[in-house]
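Everything below concerns the one structure shown next.
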Number of protein chains: 2
Amino acid sequence: MTTSTLVPVFAALGDETRWSILAALGEGDASASALAGSLPVTRQAIAKHLAVLQEAGLVESIRVGRELRYRVLGAQLSETARRLESIGNEWDLRLAAIKRIAEEL
Amino acid sequence: MTTSTLVPVFAALGDETRWSILAALGEGDASASALAGSLPVTRQAIAKHLAVLQEAGLVESIRVGRELRYRVLGAQLSETARRLESIGNEWDLRLAAIKRIAEEL
DNA sequence: ATGTACTGCAACCATATGGTTGCACCACAT
DNA sequence: ATGTGGTGCAACCATATGGTTGCAGTACAT
């Protein structure tokens, strides 16, 4: 996995409505129509958001009869968190190194 | 910190150019003009991106004479990673619980 | 067989976003 | 005093984004 696959994940997470959807799915799997019942946007808007989330690998869809249920995938989030962590650490290390050098002057 | 402060961070990280800027800053502090030298966009575009990054708490600016240098802040990234991790874990736990219930049937 | 409820597609709209150019301004060095 | 190199602001442009409405298709229950 390169950062190129990481960016869409962040882009997907950079929207309030999408977090509402994820939070709702956190309560249990649901279809776009069902979500439209508890959120202040139309089913079609939700469907678009779900497409973005699925593209980012944050949710997966399961056909149940005539409805399409969505399930949140915590693994992708954890994976992303792990990579963020390591990047953050690198930067912190660099800053610490600079500080050390500055103190040696 | 609530998720409302988290979303802008993700939005900021959801752009390739911004990652290029962060990566460049990872090599050392730099001004918008300096960054414009190594990236394929104008200084003004970079200035806008830096404003977004600063708003998200991912960089800070330091005046050095007549120039404004930017420094990357790894801490915010680590903090974000930690919070992502815990959310991801919650979801994974829920999925695991569902799996267990399904197996008991 | 027919109505109901869900999905899928398309058109459309307003605003946000990423980018540009141009210009004014200010600090520093010569 | 003057030129150079940096910042800041504003206008502008094209496209992406988040949202809507409307309609067609399809599966299920009665």
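Side chains included, hydrogens not; waters and symmetry mates left out as well; all remaining heavy atoms used. Chain identifiers are assigned alphabetically (A, B, ...) following the order of the sequence lines, protein sequences preceding nucleic acid strands; residue numbering begins at 1 within each chain. As the structure is a prediction and not an experimental result, all values here were calculated from the model.
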Check A/Val7 against B/Gly14 and note the closest heavy-atom contact, atom names and distance. CG1-C, 3.7 Å
Verify side chain to side chain contact (heavy atoms under 4.5 Å, CB included) between A/Arg71 and A/Arg69, making sure each step is shown before the conclusion. CA-CA 7 Å; A/Arg71 157 173 310 163; A/Arg69 293 228 183 114; over 6 Å; no
Give me the atom names and distance for the closest heavy-atom approach of B/Tyr70 to B/Leu25. O-CD2, 3.4 Å
Within the structure, does a side-chain N or O atom of B/Thr17 lie under 4.0 Å from either OP1 or OP2 of C/dG19? yes
Length of the NE2-P vector between A/His49 and C/dT7, whole Å: 16 Å
From CD1 of A/Ile46 across to P of C/dG8 the rounded distance in Å is 14 Å
Whichever of B/Ala45 and A/Ser33 has the more 5' nearest nucleotide on DNA chain C, that residue is A/Ser33
Short N/O separations, protein against nucleotides 14-17 of chain C, under 3.5 angstrom:
none

Looking at side-chain heavy atoms only, is the closest gap between B/Leu13 and B/Leu22 below 4.5 Å? yes
How long is the line joining CG of B/Leu50 and C1' of D/dG8, in whole Å? 14 Å
Distance-only check: which donor-acceptor pairs under 3.5 Å involve side-chain atoms of residues 32-49 of chain A, not counting sequence neighbours?
from    : atom 1 : to      : atom 2 : distance (Å)
A/Ser38 : OG     : A/Leu35 : O      : 3.3
A/Thr42 : OG1    : A/Ala45 : N      : 3.4
A/His49 : ND1    : A/Arg18 : NH1    : 3.2

Donor-acceptor contacts, no H, no angles, side chain residues 50-65 of chain B, under 3.5 Å, sequence neighbours left out:
from    : atom 1 : to      : atom 2 : distance (Å)
B/Gln54 : NE2    : B/Ser61 : OG     : 3.2

A/Arg66: what forms a side chain to side chain contact (heavy atoms under 4.5 Å, CB included) with it, not counting sequence neighbours? none
Distance in angstrom units between A/Leu53 CG and D/dG18 P, rounded: 10 Å
Can you list everything that forms a side-chain hydrogen bond (donor to acceptor under 3.5 Å, both in side chains) with A/Asp15? Sequence neighbours excluded, please. none
Indicate, with a heavy-atom threshold strictly under 4.0 Å, whether B/Arg69 touches base, sugar-phosphate, or nothing. nothing
Annotated protein contacts, base or backbone, on nucleotides 21-30 of chain C with a non-hydrogen cut-off under 4.0 Å, one of B, S, - each: BB----BS--
Salt bridge or not for B/Arg82 and B/Glu85, using N-O below 4.0 Å? no
For B/Glu67 and for B/Lys48, find the nucleotide of DNA chain D with the closest heavy atom, then tell me which residue's nucleotide is more 5'. B/Glu67
